[in-house]
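Take a look at the structure set out below.
Predicted model only: the values in this text are computed from it and were never measured. Chain naming here is simple, since letters A, B, ... match the order of the sequence lines and numbering starts at 1 in each.
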There are 2 protein chains.
Amino acid sequence: MQTQSIHGAIATSLWVKSAIVTRQLDSSLGAVHGIGLSEYMVLFRLSRAPNKSLRRIDIADELARTASGITRLLAPMEKTGLVSKETNERDARVSLVKLTSAGEELFQNATVTLEARAESLLKNFDQKKADNFLKLLNRL
Amino acid sequence: MQTQSIHGAIATSLWVKSAIVTRQLDSSLGAVHGIGLSEYMVLFRLSRAPNKSLRRIDIADELARTASGITRLLAPMEKTGLVSKETNERDARVSLVKLTSAGEELFQNATVTLEARAESLLKNFDQKKADNFLKLLNRL
DNA sequence: TCATATTACTTGTATAGTCAAGTATATATC
DNA sequence: GATATATACTTGACTATACAAGTAATATGA
């Protein structure tokens with residue numbers, strides 16, 4: 001049995017651990033607020049965007065998803081009124097996604113749930129370790 | 001616009017970054033060796049298991065997947081001869097998965113590809129940062 | 001200024017995985 | 001030892017994506 005290189009070990013661990021974290025956050029958000037983690041991430045990005053609106057393609061880039069994934073993710077969110085579709089008068093190809101007030105309210109509530117769950121998942125991390133972990137993640 | 005808590009920020013970053021890493025590794029492995037990252041992970045676990053065999057449920061636990069996901073993942077791997085099915089005479093419920101020599105050879109080659117790709121994804125990490133990152137990941 | 005390329009988005013099709021229910025076997029309890 | 005519960009696995013139905021191809025609008029450049 002050989003030893004894995006440090007890079008391989010990081011990739012492996014990242015893959016396994018992210019599945020655990022994602023599943024737990026997803027199921028908490030689903031149970032309490034009826035949205036998935038991906039939907040939460042969309043709301044999160046919109047909430048901090050200027051004018052609370054973004055192009056679909058920018059959401060896709062920021063969330064590391066494809067444009068088609070975003071189209072499909074947004075469809076039910078539009079239907080339930082969490083976001084609305086707006087046009088860009090300068091460029092008719094673009095369809096802007098805007099956070100509605102219902103979406104914003106849901107987002108605020110969901111944030112409480114998400115952060116509580118995330119905190120419990122990270123209970124083994126003190127402040128310094130958590131800061132360090134985040135810095136290292138963002139270095140990727 | 002509010003600031004996200006450190007725990008929320010870690011969850012967000014982990015979710016985005018793991019998608020990027022997973023997609024790249026998956027596509028490299030697929031292009032060069034015709035297997036996905038999940039399949040690679042199965043081979044990896046088997047390669048270091050005693051007798052190179054594991055119960056399906058243990059693979060599921062180690063990879064943070066469900067038993068049914070493992071059943072579906074293994075089916076094509078059996079068909080292409082990367083793993084074989086064995087029975088456990090002590091417990092007829094169990095079907096052991098064993099790495100074949102073809103599976104082992106593919107695994108060795110795929111490891112080269114994976115580690116090269118992982119190394120390039122982690123080019124911003126020096127030895128010390130990489131060690132630290134792995135420790136922090138495993139603390140989850 | 002028109003032809004070509006690029007961009008933003010959508011849609012058809014496919015895959016990886018989940019969850020719930022089902023089957024077979026094993027373990028525990030009375 | 002019979003019955004109830006738990007475990008290992010599979011299967012049907014569904015969801016969340018991806019990729020490739022298609023459409024429409026915009027930008028580029030001879």
Side-chain angles (χ1 to χ4, degrees), chain A residues 15-16 18-31 34-42 53-80 83-98, chain B residues 15-16 18-31 34-43 53-80 82-98:
Chain A
W15 184 77
V16 171
S18 70
I20 295 170
V21 169
T22 294
R23 269 233 291 284
Q24 299 215 23
L25 296 177
D26 196 71
S27 93
S28 292
L29 288 173
I35 58 172
L37 183 55
S38 301
E39 287 169 301
Y40 176 83
M41 291 296 173
V42 169
S53 93
L54 286 170
R55 301 185 315 157
R56 281 146 195 266
I57 240 202
D58 294 328
I59 296 175
D61 286 348
E62 289 180 346
L63 301 186
R65 261 70 195 165
T66 59
S68 87
I70 296 302
T71 294
R72 300 197 141 99
L73 184 55
L74 288 174
M77 297 178 75
E78 279 164 24
K79 212 179 294 180
T80 56
V83 300
S84 61
K85 205 177 226 174
E86 311 210 316
T87 55
N88 179 335
E89 72 248 354
R90 295 268 179 95
D91 187 340
R93 290 170 302 180
V94 169
S95 114
L96 290 166
V97 184
K98 177 154 189 172
Chain B
W15 184 79
V16 171
S18 70
I20 295 171
V21 169
T22 293
R23 270 234 292 284
Q24 298 215 21
L25 296 177
D26 196 72
S27 95
S28 292
L29 288 174
I35 58 172
L37 183 54
S38 302
E39 290 172 297
Y40 176 83
M41 292 296 173
V42 169
L43 298 178
S53 94
L54 286 170
R55 301 186 313 159
R56 280 143 197 269
I57 240 204
D58 295 326
I59 297 175
D61 285 348
E62 290 181 344
L63 301 186
R65 260 69 194 167
T66 60
S68 87
I70 297 301
T71 293
R72 301 200 140 97
L73 184 53
L74 288 174
M77 296 177 76
E78 279 164 24
K79 212 178 295 181
T80 56
L82 299 176
V83 300
S84 61
K85 206 177 226 175
E86 310 212 317
T87 55
N88 179 336
E89 72 247 356
R90 295 264 181 101
D91 187 340
R93 289 170 302 181
V94 169
S95 115
L96 291 165
V97 184
K98 176 152 188 171

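- Each of B:L73 and A:R56 was assigned the nucleotide of DNA chain C with the nearest heavy atom; the assignment lying further toward the 5' end belongs to A:R56.
- For DNA chain C, the residues of residues 62-71 of chain A within the heavy-atom distance limit of 4.0 Å (strictly under) are A:A67, A:S68, A:T71, sorted by number.
- You'll find the side chain of A:R55 reaches within 4.5 Å of the side chain of A:L96, heavy atoms only.
- In this structure A:S53 satisfies the side-chain hydrogen bond (donor to acceptor under 3.5 Å, both in side chains) test with no other residue, sequence neighbours excluded.
- Residue B:D26 contributes atom CG, which lies 11 Å from atom P of D:dA18 at whole-angstrom precision.
- Among residues two or more places apart in sequence or in another chain, the side-chain hydrogen bond (donor to acceptor under 3.5 Å, both in side chains) test is passed with A:N88 by none.
- B:R72 has its CZ atom 13 Å from the P atom of D:dC14, to the nearest Å.
- Rounding to the nearest 0.5 Å places OG of A:S18 at 11.0 Å from CG of A:L25.
- Taking atom CE on A:M41 and atom C1' on D:dT17, their separation rounds to 16 Å, with Å as the unit.
- In this structure, B:I20 and B:Q24 have side chains that are in contact, with non-hydrogen atoms separated by less than 4.5 Å.
- Positionally, the nearest nucleotide of DNA chain C for A:L54 lies more toward the 5' end than for the other of A:L54 and A:W15.
- Counting any heavy atom pair closer than 4.0 Å across all strands shown, B:R55 reaches sugar-phosphate atoms only and no base atom.
- The distance from atom CG of B:D26 to atom CD of B:E39, rounded to the nearest 0.5 Å, is 9.0 Å.
- Chain B approaches DNA chain C within less than 4.0 angstrom (heavy atoms of the protein), and the contacting nucleotides run 5' to 3' from C:dG17 to C:dA26.
- One interatomic measurement links the two molecules: CZ of B:R23 to C1' of D:dT17, which rounds to 9 Å at whole-angstrom precision.
- Comparing the axis of the opening five pairs of the helix from C:dT1-D:dA30 to C:dC30-D:dG1 with that of the closing five pairs yields an angle of 20°, rounded to 10°.
- Counting heavy atoms from C-beta outward, B:L43 and B:I35 have side chains that approach closer than 4.5 Å.
- Evaluation of the salt bridge (Lys or Arg N to Asp or Glu O under 4.0 Å) rule for A:R23 yields no partner, not counting sequence neighbours.
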Side-chain polar contacts of residues 61-78 of chain A - donor-acceptor pairs under 3.5 angstrom, sequence neighbours left out - could you list them?
residue	atom	partner	partner atom	Å
A:R65	NH1	A:L63	O	2.9
A:T66	OG1	A:G69	N	3.2
A:T71	OG1	A:A67	O	3.3
A:E78	OE2	A:R56	NH2	2.7

For nucleotides 25-28 of chain D, give me every protein contact, N/O to N/O, under 3.5 Å, one pair per line with atom names.
residue	atom	partner	partner atom	Å
D:dT26	OP1	A:A92	N	3.0

